[in-house]
Structures are given as C-alpha cells and as structure tokens.
Amino acid sequence: MSSLSLNTVAVSPHPTKPNTTTTTATTTTTLIQLKQVHAQILRRSSNLNPSSNSLLLQLLVSSCTLSPHHLDYALRVFDQIPTPHTHLSNTFLRELSRKAEPKKALLVYERVRRKEGLGVDRFTFPPLLKAVSKASALAEGMEIHGLAAKLGFDSDPFVETGLVGMYAACGRILEARLVFDKMSHRDVVTWSIMIDGYCQSGLFDYVLQLFEEMKASNVKPDEIVLSKIVSACGHAKNLSYGKAIHEFITENNIVVDPHLQSALVTMYASCGSIDFAQELFNKMSTKNLIVSTAMVCAYSKLGQVENARMIFDQLVEKDLVCWSAMISGYAESDRPQEALKLFNEMQVLGIKPDQVTMLSVISACAHLGALDQAKWIHLYVDKNGFGRALPISNALIDMYAKCGSLERARQVFEKMRRKDVISWTSMISAFAMHGNANDALNFFYQMQDEKIEPNGVTFVGVLYACSHSGLVEEGRRIFSSMINEHNITPKHEHYGCMVDLLGRANLLREALDLVETMPLAPNVVIWGSLMAACQVHGETELGEFAAKQLLELEPDHDGALVILSNIYAKERRWNDVGEVRNLMNYRGISKERGHSRIESNNEVHEFLMADRYHKQADQIYEKLDEVVSELKQVGYAPNTCRVMVDLEEEEKKEMVLCHSEKLALCYGLISNAKGSCIRIVKNLRICEDCHTFMKLVSKVYGREIVVRDRTRFHHCKNGVCSCKDYW
DNA sequence: GTAGGGTTAG
C-alpha cells in the first residue's frame, strides 16, 4: 500500500514559484485531496463494515473519473473494490474509452469479468466496443460480441451500432455489413458509422450506394454523414455527385459547419475544380484555420504552391498543422529550400514540430540532396526524440540514399530494432539508384527469409535495379514471380521498368511487343521510356513512333518533344529539328531548364547553364579553362552530338562546356577541401559529355565525384563510373 | 437513462 500513502503525494514542481496556471493548481490540489480521502478510508477500514467501505471507494473512483489526469489513480482504487456496481464500471469504461486510453478500458473489462457477479449490462457494451475500435483489437472485439450475444444484448440498437463500428475499425468491413444488414432499426448514427467504414476501407463507390439506400429508407442525413459523403466524392473524383450533394445541402438548409466546409473545399479541389473551391472559400464569411489549411493542402497537391502560400500568409494565427501543410507543400512541389526555410521560421516562432512535420522536412532534405544538411536534420531528429519511430527511420534511409550516402542509409537500417516492408524497400531502392544491383537482390531475398512479404513498390525497386545494371534474365524471372508467386498484378510502373530493362539492353522489339500486349493502356511514362531507349540505341524509326504515341496522349509533353528533336539532331535532320522547335515555341513549351547544386560550407550553391551569377564566377570560369586544357592532354574532346540546335561546331562546344554540372564541379574543386568528395545534384539527366568529363576529372584530379541526376547516382572514381556507362 | 457518429486540416 506504500504507493498510496500520503508520503508519496506529488508536490508542485516549482515549490518556490506560484503555479503559473490555475488548471494545474486545481488538478494538483484535487488529486492531493482525493489521496487524503483515500488514506482516511484505508485507515478507518477496520472500523467500517465492508459494504460501506466499498461504497466510499466507489465514490472515490467517481470523483477521480471526473478528471482525465486521475484515471490511473482511479484504476488502482477500482482494483480494491470487490464487487463494483455495474453503473460505476460503465461510467469508468466510458471515460477511459473516450480518452486515448482504449487499452485501459479493456483492462477494466478483464477485471470486471474476473470479479464476482456478472458486472455487465447492455450499457457496458457501447463504451467497450468503442475502446476495442480505438485499439483495433479484433480478437477482444469478437469475444465481446460473443458475450453480448450470450446475454441477449446483441439486438439492442446501441450495441449493434457499436458492433458495426468495431468490425469496421478492425478492417472487417464484410462482418460490419453483416451486423448492419441484420439490424431492425437503423438511425442516422448507424448509417454514419457504416458509411464511415466504407470510407476508411477506400470503398467509395459503396459509400455513394449506401447513401442512396439511406435516403430511400427515409433517414434524414445530417451534417456529419454529409461531410463523409462529400469527402468520398472527392476521393472517388465524382464531381457530378459531389455537386449534387452540395445542392442537397443548400436546398435542405443543412448547417455548413467547418467540417463540412473543409470537406466541400477539398472535394472540389480533388475533382479538379480548384476555381470552384476558391470561390466557395471566398464566399465564407469567417475563414477558420481548418478550412484555410484545407485550401493550403488543395493548392499544394496541385503544385500551385504560390497560391497555397498566399492563403498561408493571410492567416494571422497559424497552428502546427498549418505550418506542416505548407512545409509539405514545398517539399512535394520540389521546392526543398523553401520547405527548409519555413521549417526554420517555424522554430524561431517557438512552434515545436511533430512527427508529421519531421517527415516532410526529411523528405525536403532528400529532394535537396545536400548531405551536410541531411546530417544536421538527422541530429535534430535524434536530439528531439523522433529517432525511434519507424516511419522516421524509413524516411532517413531514403534521405541518405538520395543525398548520395549509401553507407549512412545502411547504418540507419542496421540500427533499427524493427524493420517493415517499407524499410526493406527503401534500402532496395537505395541500392538500385546507386547502381548496386547485387545488394538490391541480396536484400530482396533476405527480407523474404525474414518473412517480410514484398509489395508492389518493392518490385519496382528490384526491377529498377535489374534494369539499371542490365540484368535482363533476372529481371524477367522476378517479373514473372511477382505475378505468379506473389500474386501482385503488375501496374504501369512495373511494365515501365520492364520496358526500360529491355530497351536499355537493346531488345527494342521485345520491349515494343510488351507494350503492345500488356493488359493496361500504355501511358506517357511507358512510351517515354521506350522512346528514351530508342534514342540511346539510335533506333530513329521506332523512337519517332513512340514519341508520336506519347504526344497523342499529352501534346505538350516537353520531354517527348525534346527527345524527338534529339533523335532528329543525332541524324542531322535539321529541318525536322526546326519543325519541332517551332511547334514548341508556338505552343509556349520550353524544355525544363537544367540546374546543378553543390553544397559548400553549409550553403547550397546553384548553377544554371553558362550562368555568371555566382560571386566567384570569374574564378570558376578560370578553373573551367584550366580543367579543360588538362583533360585535353589526356584525350578529352567535347562531345556535341546531343546539342539539338544547328550551330557551328565551335559554338556547340562552348554550349557543352558551360553545362551547369561542369560549373558546379569547378566550384567544388575551388572551394571544397582537397581530396574531399565532390557531390553534385542535377535536376535533369546528365549528358554524355558531362559524364565523360566527370570520369576524367576524377582520375586527373584524384577526386571522388558523386553526381545525382534525375534518375540515378553516378559515383566517379579513378576514371570509372559506378554506372559502368550503362544508364 | 450511464450508451452509439467528425484522427475536421498536415
């Protein structure tokens, strides 16, 4: 009993200072008072008869239950009551299930069952089932269902509704529906729970179907069930149904509360009607934080991050969710520097990030590809107690891989106590992007030895590794085992990898066969990868065909037009090149501008082609001249065959020599410590000439050079690249 | 008569 004695009663954490908030003061005092009462009961218990003692303890539990801070204490007192009133256990259960304490509610249930007498009635089940739902404890839920049936409570509408919710929350949507269908009376709450179950399971077509049934059975929908329906329309991209519901809401004068507001705005945005969402948002007389955050997300998802920022900046009071939404907006729109800048601003204001924020920040850092920045974020994560969470570790693996450090990615992986399919897949993709196919395959087999089942994403990583290393046979075998042994239906990305695998290996006929016989309609990516392979292997005719198929699907696709003109340029068909270029000018399409980044002294420096904005531009170009003449002595000659414009040879050479990655490299040679590794991140694919250039510099200057291009890493050392020139 | 519905937005 020592743990309950007065000696251990908590004192104020700051005895010399007055309590800063009144709530802390009252709860502390109340707990002290309760403990004093408890001590009195214990002291006098020998003089009291057992039933009045029990009554006093029950009163004590009731008082503790009033405050969420005292639930643990209440649980301990509850344990001392031999036969608690069912009424008391029910109240106690309700409190525990409403709070984030579902496991404790189940504990109470266990104890009630073990005590004398029955201890349960029909009122016990709704809170109990709610706790089971929160804990997703299916086995316990089924046992409770059995007990309810045995006691004949399973035809009570409240109990039945609880059972529907329990099965839905445990992912057993069919069982939920079975209970639902058997009910003789369903009200709006029952329908709402069933509809929510379908929403959670992603079965949005069923949601709309069920809503029609609900209306047909004359149950009047309220704002809660409507907000679920509206959100389902958004997920199902069913704009016409969404609009109809919106009209229904207006016609029936249903209160549009903030939940419904944000559901409507999000629905319009995800159905492609952002203008409509904005209009609706403008019409709202009071713009609360949640609806504004929904708008920030809506614009971010469309990549219209400037518009998101405008709404963000108009908000006077912003909470963590809103900051996180804006940060992730930048991270996912490939604007990592803004994301990290915002993260700093947020911290200056004293807003503490949570796990969701950190995941966006880590992802931003992965996009940026800056290793020093990555190390800093990793330290921050560990220092602030995020490091043990599985999703965070998984994100760190990806971050280090994308920042060029396979070793550090692997260190994070090795240190993890628990690894899930995402951890393994992240490592496999890491090996794949660094051209290390053997380790990718080893990990793929090892994860299965450890009974982790690969998923569709894992196979993308493995096939990608095969394709980037020319492992044609292995790739074919794995592709068929994915279908036949792992029962995964291949999606576009898997066919994309296979087309890539065959195309790179110059098996273009077979690649085309696959495209023509696959059960899915080929998309832009598939034609694109066939087209790129044709460009590499000089298959003009097929390349032109693939490019034209692609342009049928997406007439303004800049990549297709660029590659088409490259194919023509390689054949010196300048008239055709001119035609493509005119088309691009006419339609206002421009090739994405190449840029390269390099980190130096904790700063990220960015270069465009032939750009002179850098404050050390003179030195950089001087270095470039020096490097070029050094390399010429070992046989380097600028390779201009990829320059798509009809220029004099000398002008073409000038263009190639000013590519942004060469400028970044020269800056690295000037500014980074002698002998250190030079890491460059390029947004497009590296060109053949720059690739040769990097290899030669690694030999002549004795420096390790790591270049991340749009699709993979090139580690150049001693004149050799890790990609073995197979990219 | 003590009971059932919104992880609202990241």
Side-chain angles (χ1 to χ4, degrees), chain A residues 62 65 85-95 97-98 100 120-134 136 148 153 156-166 168-169 179-180 183 185-197 199-200 219 221-231 256-267 269 281 287-301 308 311-312 315 318-332 339 342-343 346 351 353-361 363:
Chain A
S62 296
T65 305
H85 283 154
T86 305
H87 181 283
L88 177 82
S89 338
N90 290 350
T91 315
F92 196 31
L93 276 176
R94 194 190 65 204
E95 286 312 315
S97 70
R98 277 187 185 165
V120 291
D121 62 10
R122 65 198 168 98
F123 293 107
T124 314
F125 290 94
L128 200 49
L129 290 167
K130 189 193 175 87
V132 172
S133 304
K134 272 196 178 170
S136 289
F153 297 140
D156 178 300
F158 282 83
V159 178
E160 286 175 306
T161 304
L163 286 169
V164 174
M166 183 274 289
V179 178
F180 179 85
M183 288 175 73
H185 174 78
R186 306 180 196 100
D187 66 6
V188 65
V189 178
T190 319
W191 285 95
S192 167
I193 290 177
M194 193 62 232
I195 284 171
D196 193 42
C199 289
Q200 301 287 325
V219 176
D222 64 4
E223 71 276 10
I224 294 179
V225 74
L226 283 165
S227 73
K228 292 179 202 299
I229 305 291
V230 169
S231 132
V256 182
D257 66 2
H259 291 265
L260 197 44
Q261 278 182 337
S262 49
L264 283 166
V265 160
T266 307
M267 181 272 291
F281 181 69
K287 295 178 175 55
N288 76 44
L289 181 58
I290 288 163
V291 182
S292 301
T293 306
M295 284 300 291
V296 170
C297 297
Y299 275 120
S300 295
K301 277 204 190 100
I311 292 167
F312 180 82
L315 286 164
K318 294 184 270 269
D319 66 357
L320 176 61
V321 178
C322 192
W323 279 92
S324 294
M326 196 62 237
I327 289 172
S328 109
Y330 278 126
E332 271 156 41
L342 216 56
F343 176 56
M346 183 184 108
I351 299 174
D354 68 1
Q355 186 176 308
V356 183
T357 322
M358 288 321 296
L359 288 172
S360 288
V361 171
S363 145

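Model, not experiment: these values are computed from the prediction. Numbered from 1 within each chain, the chains take letters A, B, ... in sequence-line order. Scope of the values below: all heavy atoms of this structure, side chains included, with no hydrogens, waters or symmetry mates.
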Verdict with reasoning, Phe180(A) to Trp191(A), per ring-ring contact (aromatic ring centres under 6.0 Å, His included): CA-CA 9 Å; Phe180(A) 179 85; Trp191(A) 285 95; 5.0 Å; yes
Going by the rule side-chain hydrogen bond (donor to acceptor under 3.5 Å, both in side chains), which residues pair with Ser89(A) if we only count those two or more places apart in sequence or in a different chain? none
Using modelled atom types and a 3.5 Å cut-off, is there a donor and acceptor pairing between side-chain atoms of Asp196(A) and backbone atoms of Cys199(A)? no
Indicate for each nucleotide in nucleotides 4-10 of chain B, in 5' to 3' sequence, whether protein heavy atoms under 4.0 Å reach the base (B), only the sugar-phosphate (S), or nothing (-). BBB-BBB
My understanding is that only residues two or more places apart in sequence, or in another chain, count here; which of them pass side-chain hydrogen bond (donor to acceptor under 3.5 Å, both in side chains) with Thr124(A)? Asn90(A), Asp121(A)
Any donor-acceptor pair under 3.5 Å from Ser97(A) side chain to Leu93(A) backbone: yes
